[in-house]
Amino acid sequence: MSTEHIVTRFPPSPTGYLHIGGARTALFNWLFARQKGGKFILRIEDTDEERSSEQATQAILESMSWLGLDWDEGPYFQSKRYDIYNAFIDRLLERGQAYYCHCTPEALEKRRKSAMEKGLKPKYDGRCRELGLGPKAGAVVRLKTPLSGSTRFEDLVKGPITFNNEELDDLIIRRSNGSPTYHLAVVADDIDLNVTHVIRGDDHVNNTPRQILIYKALAAPVPQYAHVPMILGPDKTRLSKRHGATSVLAYRDMGYLPHALLNALVRLGWSYGDQERFSLDELIQKFSLAHVGKAAGIFNAEKLLDLNARYIRESPDHALVQNLIPFLKNSGFQEIDSRKLQTVVPLLKPRSKTLVDMAEGARFCFEKEVQYEEKGDRKFLTPDVADLLIKLRDRLSTLSKFDHDALEEAFTAFLDENGIKLKKIAQPLRVALTGKTASPGIFEVMAVLGQDTVIERITQAVAHIGDKNRDRSSR
RNA sequence: GUCCCCAUCGUCUAGCCAGGUCCAGGACACAGGCCUUUCACGCCUGCGACAGGGGUUCAAAUCCCCUUGGGGACGCCA
């Protein structure tokens, strides 16, 4: 197979946000095209005017961009390509491969139901097939599918798949309102855009023979198919909204890195030996449809979280600073000193699984007044440490250098003089400076905050201890 | 109901196509430990699976059949 002319596409319908199942399909198509030096097309399938929306289209484009899945052509909008579809339908009609059907939707529905009740497959009975009917208000156009024989294709993931043509019925290709149906539009577009590989979800396996029949009727070359297994929720049913976060943008907003999501998605269904993490370049190089599994999988959100934590740790500080700013603004910090942020980021890296975590961890650098966590306040900001904090503050105010080493040295001496262990003072000090019981190393925290702020916060904490005491005794 | 697809630890999976090197490997999660000023990171250890039954074979997680289980599709939605 020539790799020069490979064309893949991702055709979401803009009836909702881009979910992770769709994103994975897009990723596979993208990887395949990139690896083969082919073309990746984005097509918006918006023929259902009722359910399609501009907003959903924007959300999809935004998701794709955020993930970094760039397309070489498009986005094409099916709603603007009706001429193409009509030409294909007319051709089919002329060749006698399609015919008008005058059955009403109500009658069809009724027949479907009774077929189901009899335990038969609810398919069209073909009663208009040989009537030679013409166009008429309310008429649809159906494809004349073979009555016998079978349709077979070699799926790049699942292997050979065969359907008996008796299972298939004469599907509608043009609605009574003149618009093309999904199957026709997809095939027409894929022919028109020279798509060579259709990589899509498992749920389309049953659609494939129908679409192949359209290609055959049109005497067009049939593309290669690769049906990737579905993503299931923890209850093993098809992933949907009720399973919680499923939209790509939701993951962005929860502080995930696109690379982490991509990595998690690609490993759901595809593997490369024992390797778990891949750079984008590696993926492009190593991806292969042959190693995509056949079984549906449950999305493992915990693994994504772990992946995200690792990618955060490996990200350059400056990149994290940029990524963090929107999250900090979202927490109410408008003016952010990015130099200061740059100094905390390395401290926060090993402690943050998401950018949201990291923004939370960086709070102490930017808040005007420390908000004490209830538990830390109660446990560590107690009257018995007030004196010690005062002594410490006075000692710290004498320091001419305020970096990690100078602080450690000063503390060693201070602990020695007072006959205490670091443990004794570290936690109260941590709460005083950050409001939390968990933070980066205490010397690092002080160095980041700077001498003035440290002294100020200790003073505030001592005052706070006094306030608490007064409240208690006055009661 | 009919058709299509699928089946290895709780989850994602390696191994299967070319049977022996697999009393089944890795990762996440979980449990225990080490490190330690807190929380993490890191390191070590542990727990844990070939759905069941028949065949084929000297030998089956690997090949075949059946059963069971799961998913999907059966629209003038995509």
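Numbers restart at 1 for each chain; the letters A, B, ... are given by sequence-line order, proteins then strands.
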Let me know the distance between [atom1] of [X] and [atom2] of [N], rounded to the nearest Å.
{"X": "Lys353(A)", "N": "rA40(B)", "atom1": "NZ", "atom2": "C1'", "answer": "8 Å"}
{"X": "Lys294(A)", "N": "rC17(B)", "atom1": "NZ", "atom2": "P", "answer": "12 Å"}
{"X": "Tyr272(A)", "N": "rU13(B)", "atom1": "OH", "atom2": "C1'", "answer": "16 Å"}
{"X": "His291(A)", "N": "rU13(B)", "atom1": "NE2", "atom2": "P", "answer": "14 Å"}
{"X": "Glu49(A)", "N": "rC77(B)", "atom1": "CD", "atom2": "P", "answer": "11 Å"}
{"X": "Ile231(A)", "N": "rG72(B)", "atom1": "CD1", "atom2": "P", "answer": "13 Å"}
{"X": "Arg43(A)", "N": "rA78(B)", "atom1": "CZ", "atom2": "P", "answer": "13 Å"}
{"X": "Lys303(A)", "N": "rG10(B)", "atom1": "NZ", "atom2": "C1'", "answer": "13 Å"}

Touch check for [X], heavy atoms < 4.0 angstrom, all strands: base, sugar-phosphate only, or nothing?
{"X": "Gly16(A)", "result": "nothing"}
{"X": "Cys103(A)", "result": "base"}
{"X": "Val205(A)", "result": "sugar-phosphate"}
{"X": "Asn300(A)", "result": "base"}
{"X": "Arg313(A)", "result": "sugar-phosphate"}
{"X": "Asn164(A)", "result": "nothing"}
{"X": "Glu45(A)", "result": "sugar-phosphate"}
{"X": "Pro12(A)", "result": "nothing"}
{"X": "Arg310(A)", "result": "sugar-phosphate"}
{"X": "Phe443(A)", "result": "base"}
{"X": "Gly297(A)", "result": "sugar-phosphate"}
{"X": "Ser271(A)", "result": "sugar-phosphate"}
{"X": "Ser179(A)", "result": "nothing"}
{"X": "Arg51(A)", "result": "base"}

Kindly state each residue pair satisfying salt bridge (Lys or Arg N to Asp or Glu O under 4.0 Å) with at least one member in residues 439-448 of chain A, sequence neighbours excluded.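 Salt bridge (Lys or Arg N to Asp or Glu O under 4.0 Å) check on residues 439-448 of chain A returns no pairs.
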
Compare the minimum distances between each of [options] and the side chain of [X], then state the nucleotide with the smallest one.
{"X": "Ile298(A)", "options": "rU11(B), rC6(B), rC3(B)", "value": "rU11(B)"}
{"X": "Met116(A)", "options": "rC39(B), rC74(B), rU11(B)", "value": "rC74(B)"}
{"X": "Asn206(A)", "options": "rA27(B), rC76(B), rG72(B)", "value": "rG72(B)"}
{"X": "Lys423(A)", "options": "rG1(B), rU38(B), rG71(B)", "value": "rU38(B)"}
{"X": "Arg430(A)", "options": "rC41(B), rA78(B), rU37(B)", "value": "rU37(B)"}

Students often mix this up, so state it plainly: with edges at 30° and 60°, are the rings of Phe287(A) and Trp270(A) parallel, tilted or perpendicular?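 Plane angle between 30° and 60°, so tilted.
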
Could you tell me whether Phe411(A) and Phe443(A) have their ring centroids closer than 6.0 angstrom?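 Ring centroids of Phe411(A) and Phe443(A) are less than 6.0 Å from each other.
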
Assigned partner base of [N], Watson-Crick or wobble definition, under 3.5 Å:
{"N": "rU57(B)", "result": "none"}
{"N": "rC28(B)", "result": "rG10(B)"}
{"N": "rC39(B)", "result": "none"}
{"N": "rA73(B)", "result": "rU2(B)"}
{"N": "rC50(B)", "result": "none"}

Could you pick out which residue, Gln78(A) or Leu422(A), lies toward the 5' side of RNA chain B when each is mapped onto its nearest nucleotide?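 First, find each residue's nearest nucleotide; the 5'-ward one identifies Leu422(A).
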
Can you work out whether Asp169(A) or Thr437(A) has the more 5'-proximal nearest nucleotide on RNA chain B?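 Result: Thr437(A).
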
Just to confirm, is there a sub-4.0 Å distance from OP1 or OP2 of rA78(B) to any side-chain nitrogen or oxygen of Thr47(A)?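 So the side chain of Thr47(A) is within the cut-off, an N or O lying under 4.0 Å from OP1 or OP2 of rA78(B).
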
Within the pair Arg112(A) and rC76(B), is there a side-chain N or O less than 4.0 Å away from OP1 or OP2?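 True: Arg112(A) side-chain N/O within range (under 4.0 Å) of rC76(B) OP1/OP2.
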
Any Lys/Arg nitrogen of Arg9(A) or Asp190(A) sitting under 4.0 Å from an Asp/Glu carboxylate oxygen of the other?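 Salt bridge present between Arg9(A) and Asp190(A).
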
